[in-house]
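Along the sequence shown, residues carry numbers from 1. Every number for a ligand or one of its atoms is a count from 1 in the order of the listing.
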Amino acid sequence: MNTFTAEVSRIQDLTHDVRAIELRLLEPASITFKAGQFVSFEVPKEGHPRPVTRPYSIASPPEQRERILLVLNLVQGGPGSNYLFSLREGNRTSFKGPAGAFYLRDDGTKDLCFVATGTGIAPVRSMILAQLQRQPDRPVTLFWGLRSQRDLYWQDEWAALAAIHPHLTVVTTLSRPEPGWQGASGRVTALVEERITSVRNLAVYLCGGNGMIKDVTARINAKGLCPIYREKYYDE
Ligand SMILES: Cc1cc2nc3c(=O)[nH]c(=O)nc-3n(C[C@H](O)[C@H](O)[C@H](O)COP(=O)(O)OP(=O)(O)OC[C@H]3O[C@@H](n4cnc5c(N)ncnc54)[C@H](O)[C@@H]3O)c2cc1C
C-alpha cells in the first residue's frame, strides 16, 4: 500500500447528501488498482487522541490512473464523511491504498449481477465500467436500491451506457418512492428474488449495508450455488 497526496480537482453535489469528489494524484502521480478496491483516509475524531481510518471505494475505472473518483454520503457527525465534505476544489489531501478483496474477478465465462444500495454503487461503477471494456458481450445486470426520488443520481449515465451496451441491464429501485415514480419500487432483495431465475453461470457482487448483503446472499443461495463477492459498508 502506498501513501498518495492528491488535489481535489472537482466536486459535484449529486443529491441533497451525496457528493462526488475527484482527486488528481500529485505524488505518486498515478495509481494502479483493481476495479472495486478502496483507498483510506486518516481523519481526526473529536475526543480521540489519534486519527481514525475510513475507507472509500474508488468509483472510477482502473484505466483512469491519474484521477480517482469517490462518491459518498454525509453521515451526521461522522468524522470521515464530514472531513471529505469539508474539502474544497484545489485543497490537498492524502490517503493510503489501494486495498481490498472486493474486486472484479478475471473470470470471462460468467454472467455478472451487481447489487448495490446507496453509495455502494461506487465500486460497482468501477467494476461495470471495467467489465464493459474487457468483455462488452457478456451479460451484466445491476440492481441499485435508493430510497426516494430525491436520492436519485447517475440515472442518465447508466441509461446512456445501457443504450450503447445491449448486454447491460440497469434497474434502479426506490424503497420509499414519492407518488409519480414510474420505475421499480421496493427493496433490491425483491428484484433479486423476481428477476434472477437461474444462478447457473452467474457471479454476484454485493455492496452496501449488511442487512441487504445478508438478505440477498440468502436469496441467491436459495436458488443454487454461485460465487458471491461482498463489501459491507456499515451495520444497519
Ligand atoms: C471497504 C469500504 C468502502 C467504503 N466505501 C464507501 C464509499 O465509497 N462511499 C461511502 O459513502 N461510504 C463508504 N464506506 C463507508 C465509509 O467508510 C464510512 O463508514 C462512512 O463514510 C461513515 O463514516 P463517518 O466517519 O462519516 O461516520 P461514522 O461515525 O463512522 O458512522 C456513523 C454511522 O453511520 C452509519 N453509516 C456509515 N456509512 C454509511 C453510509 N454510507 N450510509 C448510511 N449510513 C452510514 C453507520 O451506521 C455508522 O455506524 C465504505 C466502507 C468500507 C468498509
Side-chain angles (χ1 to χ4, degrees), residues 1 4 6 8 10-23 31 33-62 64 67-87 93-104 114-130 142 144-148 150-154 157 172 174-176 187-188 205-217 228-236:
M1 251 204 307
F4 293 84
V8 178
R10 184 156 185 244
I11 292 176
Q12 197 187 4
D13 281 324
L14 299 174
T15 72
H16 60 105
D17 70 346
V18 176
R19 179 171 282 189
I21 300 176
E22 186 191 66
L23 299 173
I31 183 168
F33 65 97
K34 293 178 182 157
Q37 288 191 303
F38 61 82
V39 294
S40 292
F41 293 80
E42 291 196 352
V43 297
K45 182 172 177 178
E46 231 179 80
H48 279 241
R50 269 182 264 137
V52 293
T53 303
R54 292 287 184 270
Y56 293 90
S57 306
I58 303 173
S60 42
Q64 184 186 311
R67 286 163 199 261
I68 61 167
L69 186 74
L70 306 179
V71 57
L72 70 147
N73 58 301
L74 185 61
V75 173
Q76 286 300 325
S81 58
N82 277 273
Y83 164 72
L84 287 172
F85 268 73
S86 76
L87 293 174
T93 185
S94 65
F95 59 82
K96 290 197 167 74
F102 182 68
Y103 58 81
L104 186 65
F114 295 89
V115 184
T117 46
T119 51
I121 196 66
V124 166
R125 179 179 185 271
S126 179
M127 289 194 269
I128 292 180
L129 292 176
L142 165 63
W144 186 15
L146 294 167
R147 191 183 265 260
S148 79
R150 69 181 196 138
D151 301 307
L152 290 166
Y153 55 99
W154 287 348
E157 179 182 312
T172 302
L174 297 182
S175 58
R176 296 196 191 166
R187 299 199 170 271
V188 280
Y205 292 81
L206 311 177
C207 186
N210 76 324
M212 177 280 280
I213 289 179
K214 266 179 23 200
D215 290 351
V216 172
T217 300
I228 306 178
Y229 306 103
R230 308 182 289 180
E231 188 81 285
K232 183 184 84 168
Y233 272 11
Y234 56 91
D235 290 311
E236 281 162 321

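- Close contacts between ligand 1 and Gly78 involve ligand atoms 24 (P), 25 (O), 26 (O), 27 (O), 29 (O) [criterion: under 4.0 Å to a heavy atom].
- For atom 30 (O) of ligand 1, the closest heavy atom belonging to the protein is Arg54 NH2, 2.9 Å.
- Tyr233 and Thr117 share no side-chain donor-acceptor pair at under 3.5 Å.
- Protein heavy atom closest to atom 9 (N) of ligand 1, with residue, atom name and distance, is Val71 O, 2.9 Å.
- For ligand 1, none of its N or O atoms has an N or O atom of Val75 under 3.5 Å away.
- Residue contact check: Gly80 has heavy atoms under 4.0 Å from atoms 24 (P), 25 (O), 26 (O) of ligand 1.
- Interface of Asp235 with ligand 1, defined as ligand atoms under 4.0 Å from a residue heavy atom, comprises 47 (O).
- For atom 20 (C) of ligand 1, the nearest non-hydrogen atom of the protein is Tyr56 OH, 3.7 Å.
- Short contacts between ligand 1 and Leu72, defined as distances under 4.0 Å to a heavy atom of the residue, involve ligand atoms 9 (N), 10 (C), 11 (O).
- In this pair, Phe95 and Phe4 present their aromatic rings parallel. The plane angle is below 30°, not in the 30 to 60° band.
- Relative to atom 26 (O) of ligand 1, the option among Ser57, Ser81, Ala122 with the closest non-hydrogen atom is Ser81.
- For atom 42 (N) of ligand 1, the closest non-hydrogen atom on the protein side is Asn73 ND2, 3.0 Å.
- The shortest contact between atom 53 (C) of ligand 1 and any protein heavy atom is with Lys232 O, 3.5 Å.
- For atom 50 (C) of ligand 1, the closest non-hydrogen atom on the protein side is Pro55 O, 3.2 Å.
- Formation of a donor-acceptor pair under 3.5 Å by the Arg54 side chain with backbone atoms of Ser81 is not found in this model.
- The protein heavy atom nearest to atom 3 (C) of ligand 1 is Tyr233 CE1, 3.3 Å.
- In terms of protein heavy-atom proximity, atom 37 (C) of ligand 1 is closest to Tyr234 CB, 3.6 Å.
- Proximity of atom 34 (O) of ligand 1 to the protein is indicated by at least one non-hydrogen atom lying closer than 4.0 angstrom.
- Side-chain contact check for Asp235 and Asn210: at least one donor-acceptor pair (N or O, by modelled atom type) lies under 3.5 Å.
- Here the side chain of Asp151 pairs a donor or acceptor atom with the backbone of Ser148 at under 3.5 angstrom.
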